[in-house]
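Count residues from 1 along the sequence.
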Amino acid sequence: MTSTIGGPGQVLDEADVHAWVRERIAAQELDGKRVCVIVPDATRSCPLPMLMGALHEALDGRAAAVTVLIALGTHAPMTAEQLREHLGGPYPGFTVRNHDQESLVSIGVIPAARVKELSDGRMSQDVDVVLNRAVVEHDVCLVVGPVFPHEVVGFSGGNKYFVPGVAGAGIIDFSHWLGALITSAEIIGTRGITPVRALIDRAAALIPARRLALCLVVRSGTNDLHAASFGPPEEAWAACAGVSAQTHVRYLDAPVKKVISVIPEKYDDMWTGAKGFYKLEPVVADGGQVIIYAPHITRIAAMHPEIEEIGYHCRDYFLKQWDRFAHHHWGVLAHSTHLRGAGTYDPGAGERLRVTVTLATGIPEDVVRRANLDYLDPAAVDLADPGAFVVPNAGEVLFRLASPAGSE
């Protein structure tokens, strides 16, 4: 049974959340069980120290073993110092480790016919579901993490912590490219079961362990909780996605020509900082400009340097030259399309892009331009520019155009 507290516009008391989490865990049959707690890295706003403290109180002395697994997906591993700050603690009896691409096991295959059905006919091939072996070495997998609008799946959270969170490169690439085929602007903030969500739910269903989730709706850029839901991942996620849709989406009455997206320091490369574009593309006018302002970012991608050579392009640039690009990681190609946004490609006319993407970062100009993006010295950015729509702490809140009635 799913239990939910809070809702849109509310801010939950920390002590109440702490007690509620302890009670939810205490009600589960976990005595003598091996429990894998899967949590996000530091690129998501989340009050993990408080939640981990409650989990430790509830599991200490009951569980036979507890492993805390950081769901990195395509992100860089966290250092020991970063993990201490991220999780709080110490938590005696808990083992903490990053997900990695070495500790993997196949748990089954989704057949091509089923993939075609799940993807609404966009893709049709067998998908090997390869996950961190911790999901089969523990009796219970407990996902703990927030729900936000997301460029690949619609809304993050829930089973997404399995795929791509603790998955192998193959299924990560496949799921991300499926999202790219739909396009970021089309899928981001879409409620319900998108084709990518359907795929990862099917993959998660193959996990032999019992699956539970503590899903959260966090006030962006803070540790404040609007809502929390505990239960099976599909149900807990759906409850929080409904709250996130009312909490993390802002509406504008008309498109804007110029955006300055101010990237917080928790995003330390453009691979993660690109969220400041995804969340704003829907409100930019045709021919408009998005300036990614992040002086602290000095590299494009810590884990995926090949993006510097591939560059950033629209979806059709790759689709119409597939033989040229198919051998690359599809997740990298997907990221490329997500940051470049909508456009068209014709072998004769070349690439035509809907908006201009300008990096005002610490990345050298030659690297930026080689990656097919515009460059601006961050010192030249005027955050008080009256002609710009300036968005502080960008990356978690989605901006959309209002419907003719004023809202969706």
S.K.: Please check if any side-chain donor atom of His138 sits under 3.5 Å from a side-chain acceptor atom of Thr67, or the reverse.
M.R.: yes

S.K.: Do the side chains of Lys258 and Asp385 get nearer than 4.5 Å, heavy atoms only?
M.R.: yes

S.K.: Looking only at heavy atoms, which two atoms of Ser229 and Thr4 are closest? And how far apart?
M.R.: OG-OG1, 2.8 Å

S.K.: Run through Lys266, Arg44, Arg219 and flag the one making a salt bridge (Lys or Arg N to Asp or Glu O under 4.0 Å) with Glu396.
M.R.: Lys266

S.K.: Quick check: Tyr312 with His335 (ring centres under 6.0 Å apart)?
M.R.: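 That pair passes the under 6.0 Å test.
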
S.K.: Any idea which heavy atoms bring Val144 and Pro40 closest together, and the distance?
M.R.: O-CD, 3.1 Å

S.K.: Hey, is Glu117 close enough to Arg202 for a salt bridge, meaning N to O under 4.0 Å?
M.R.: no

S.K.: With a sphere of 6.0 Å drawn around CZ of Arg122, does it hold more than 12 non-hydrogen atoms of other residues, nucleotides or ligands?
M.R.: yes

S.K.: Between CG of Leu48 and CD1 of Ile70, what distance do you get to the nearest 0.5 Å?
M.R.: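 Rounded to the nearest 0.5 Å, the CG-CD1 separation comes to 7.5 Å.
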
S.K.: Would you call Asp16 and Ile5 a side-chain contact if the rule is heavy atoms closer than 4.5 Å?
M.R.: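 They are not in side-chain contact.
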
S.K.: Using modelled atom types only, decide if a donor and an acceptor are shared between the side chain of Arg211 and the backbone of Ala204 within a distance under 3.5 Å.
M.R.: yes

S.K.: Is it the case that Glu351 and His313 place a side-chain donor and acceptor less than 3.5 Å from each other?
M.R.: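 His313 and Glu351 do have a side-chain donor-acceptor pair below 3.5 Å.
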
S.K.: Considering only NZ, NE, NH1 and NH2 on the basic side and carboxylate oxygens on the acidic side, decide whether Arg299 and Glu308 come within less than 4.0 Å.
M.R.: no

S.K.: Taking all non-hydrogen atoms of both residues, which atom of Glu234 and which atom of Asn159 are closest, and how far apart?
M.R.: OE2-ND2, 3.0 Å

S.K.: Roughly how far, to the nearest 0.5 Å, is the CD atom of Glu151 from the NZ atom of Lys275?
M.R.: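 One finds 4.0 Å between NZ of Lys275 and CD of Glu151.
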
S.K.: Write down the atom of Cys46, the atom of Asn223, and the distance for their closest heavy-atom approach.
M.R.: O-OD1, 3.3 Å

S.K.: What is the minimum heavy-atom distance between Ala180 and Arg315, and which atoms define it?
M.R.: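 Of all heavy-atom pairs spanning Ala180 and Arg315, the closest is O-CD, 3.5 Å.
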
S.K.: Sub-3.5 Å donor-acceptor pair from the side chain of His304 to the main-chain atoms of Glu306, do we have one?
M.R.: no

S.K.: Give me the atom names and distance for the closest heavy-atom approach of Ile187 to Val152.
M.R.: CD1-O, 3.1 Å

